[in-house]
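Since the structure comes first, as structure tokens, the remarks are kept for the end.
Hydrogens, waters and symmetry mates are skipped; everything else that's a heavy atom, side chains included, is used. Every number for a ligand or one of its atoms is a count from 1 in the order of the listing. Count residues from 1 along the sequence.
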Amino acid sequence: MLKFSKVVLKKGKEESILRFHPWIFSGAIDRIEGTVEEGDIVIVHASDDRFLGIGHSAIGSIAVRIFSFHDITPDLAFWCSKFQAAYSLRHKIGLTTRKKTNVFRLIHGEGDGMPGLIVDFYNGTAVIQAHTVGMWLIRELLAQALQVVLGKKLKAVYDKSAKTLPFKAAIEPIDGYLLGKQITKEVMEDGNRFIVDWEEGQKTGFFIDQRENRKLLADYSFGKDVLNMFCYTGGFSFSAMQGGAKLVHSVDSSAKAIELTNQNVELNFPADTRHEAFTADAFDFMRDINEKYDLIVLDPPAFAKHKSALSQALQGYKKLNSRAIQQIRPGGVLFTFSCSQVVTKQNFREAVFSAAAISKRNVRILHQLSQPGDHPINIYHPEGEYLKGLVLYIE
Ligand code: SAH
């Protein structure tokens, strides 16, 4: 039987845990019985010694992330049950049996009761991204559990955690295959094919979270001149082309992203002259796009990674959106997003409101967008709601 150190909370600090919020802040801890290193599994008790949960410890303001509110043994069978529950959810919402989509998020951190862990499934390859040392330390066990749950559907497991682990941790992670080897890097989303580069690409290689929003864009694209700003590997561009856009311009500041976009255009729409890609900075490119586009997508990277950067980030969203709202053709439609976790829905809405107000144009909200079902939000952990989008009609 494994023996874990015990973390005892101060009196009254158990309330949020009893409501299944998975984080324990360092200030809530009264004492630790035993020794604890970053990433160790610990058992959490209330001041009256009631069992509260079991989780991974970390250095920092979030001292423990709970992965079970039951008194379990965190062995292979336990992690299999977690993955099985997550897989069942994806199966129930139809993501595992779609003919034209073979990419989905299998584990979305707190949303799947596994704080600090992301697992994306790319047509047979599971890409694991640990955000905590605790999850990284058990990566081999997690890979085994994935194999048990996914069976033949799983061909390989790739660990891509080197850049997402806390930089202060005294570990030296190296990305690589934990199981199997590369079979194919081609995936399909709603009939569009993509080369996903999980080794060199951003995040786990692809932005799965925009799947449903890309589908909506297709419905708005027929006969339109479209600008896909912050295109990465071209996701929104292909939806626009699929939807019958007249012209599509894809822009990203990363030359590597533009190269991948062009490669993906060839896969889906060989020699299609409607599409052109540009390596450019968004703010520069949008300085002078006067009435060139009917449909604009703005999907920038997170402008604020921490609360301290919030006000600067909101200025960034305002500036970017004001360029689009001022210059879009009359009767144009803008899909605008924020994926910063610290920017609330309200914050983002206010930034876009300010941008609209400067333009003095009549602006209406057509849709309010969010993240899809394979990026579930634990209702007890609202911090997990990170993707916000607005679709605007600009007269
Ligand atoms: N819409 C994409 C994901 C966008 S991720 C999709 O559906 O897949 C954000 C992208 O913004 C990244 O590719 C990054 O290279 C790019 N980027 C970051 N800063 C930029 C800037 N100042 N100008 C243009 N692109 C930028």
Side-chain angles (χ1 to χ4, degrees), residues 101 103-105 118 120 122 127 129 163 185 187-190 192-198 200-218 220-221 226-243 245 248-265 267-268 275 277-289 295-305 309 312-313 315-321 323-324 334-341 343 369-372 374-375 386-391:
T101 298
V103 41
F104 57 88
R105 176 155 289 189
I118 297 294
D120 286 338
Y122 292 117
V127 179
Q129 194 157 67
K163 292 205 182 98
K185 286 202 162 179
V187 304
M188 193 186 274
E189 181 193 81
D190 287 318
N192 283 322
R193 293 154 69 194
F194 292 89
I195 302 291
V196 177
D197 186 357
W198 44 80
E200 301 295 328
Q202 300 181 27
K203 305 276 171 140
T204 66
F206 187 64
F207 290 84
I208 304 173
D209 54 359
Q210 291 284 23
R211 182 181 55 246
E212 286 170 13
N213 303 330
R214 284 193 271 262
K215 228 171 164 170
L216 183 67
L217 184 86
Y220 277 89
S221 297
V226 183
L227 170 63
N228 178 13
M229 182 51 76
F230 307 97
C231 67
Y232 188 42
T233 54
F236 280 104
S237 305
F238 310 133
S239 308
M241 290 169 87
Q242 221 177 20
V248 178
H249 285 167
S250 303
V251 183
D252 201 285
S253 58
S254 151
K256 173 89 186 139
I258 292 300
E259 198 183 302
L260 280 166
T261 297
N262 282 328
Q263 208 178 333
N264 288 331
V265 175
L267 266 182
N268 295 288
H275 181 267
F278 304 87
T279 307
D281 174 76
F283 292 92
D284 290 343
F285 191 93
M286 292 182 67
R287 199 161 278 144
D288 186 22
I289 51 163
L295 185 50
I296 297 178
V297 180
L298 297 177
D299 184 24
F303 282 169
K305 295 228 161 73
Q312 211 183 346
Q315 284 305 318
Y317 288 119
K318 180 176 161 190
K319 188 167 159 191
L320 193 63
N321 281 283
R323 294 219 169 143
L334 172 65
F335 278 59
T336 181
F337 297 95
S338 161
C339 61
S340 311
Q341 194 159 11
V343 173
L369 306 177
S370 181
Q371 59 214 61
D374 53 343
H375 294 61
Y386 71 99
L387 184 62
K388 302 149 285 282
L390 292 169
V391 180

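Checking side-chain atoms of Tyr232 against main-chain N and O of Gln202 turns up a donor-acceptor pair under 3.5 Å. Distance alone, capped at 3.5 Å, is enough to place a donor-acceptor pair between the Ser254 side chain and the Ala257 backbone. A donor-acceptor pair is defined here as one N or O able to donate and one able to accept, closer than 3.5 Å; such a pair exists between the side chain of Thr101 and the backbone of Asp190.
Between Tyr386 and His375, the angle of the ring planes lies from 30° to 60°, which puts this pair in the tilted group.
Sorted by chain and number, the heavy-atom contacts of ligand 1 below 4.0 Å come from Gln202, Phe207, Arg214, Phe230, Cys231, Tyr232, Phe236, Asp252, Ser253, Ser254, Ala280, Asp281, Ala282, Asp299, Pro301.
With rounding to the nearest 0.5 angstrom, the CD atom of Gln341 is 11.5 Å from the CG atom of Leu387.
Scanning for side-chain hydrogen bond (donor to acceptor under 3.5 Å, both in side chains) contacts around Ser239 gives an empty result, with sequence neighbours left out.
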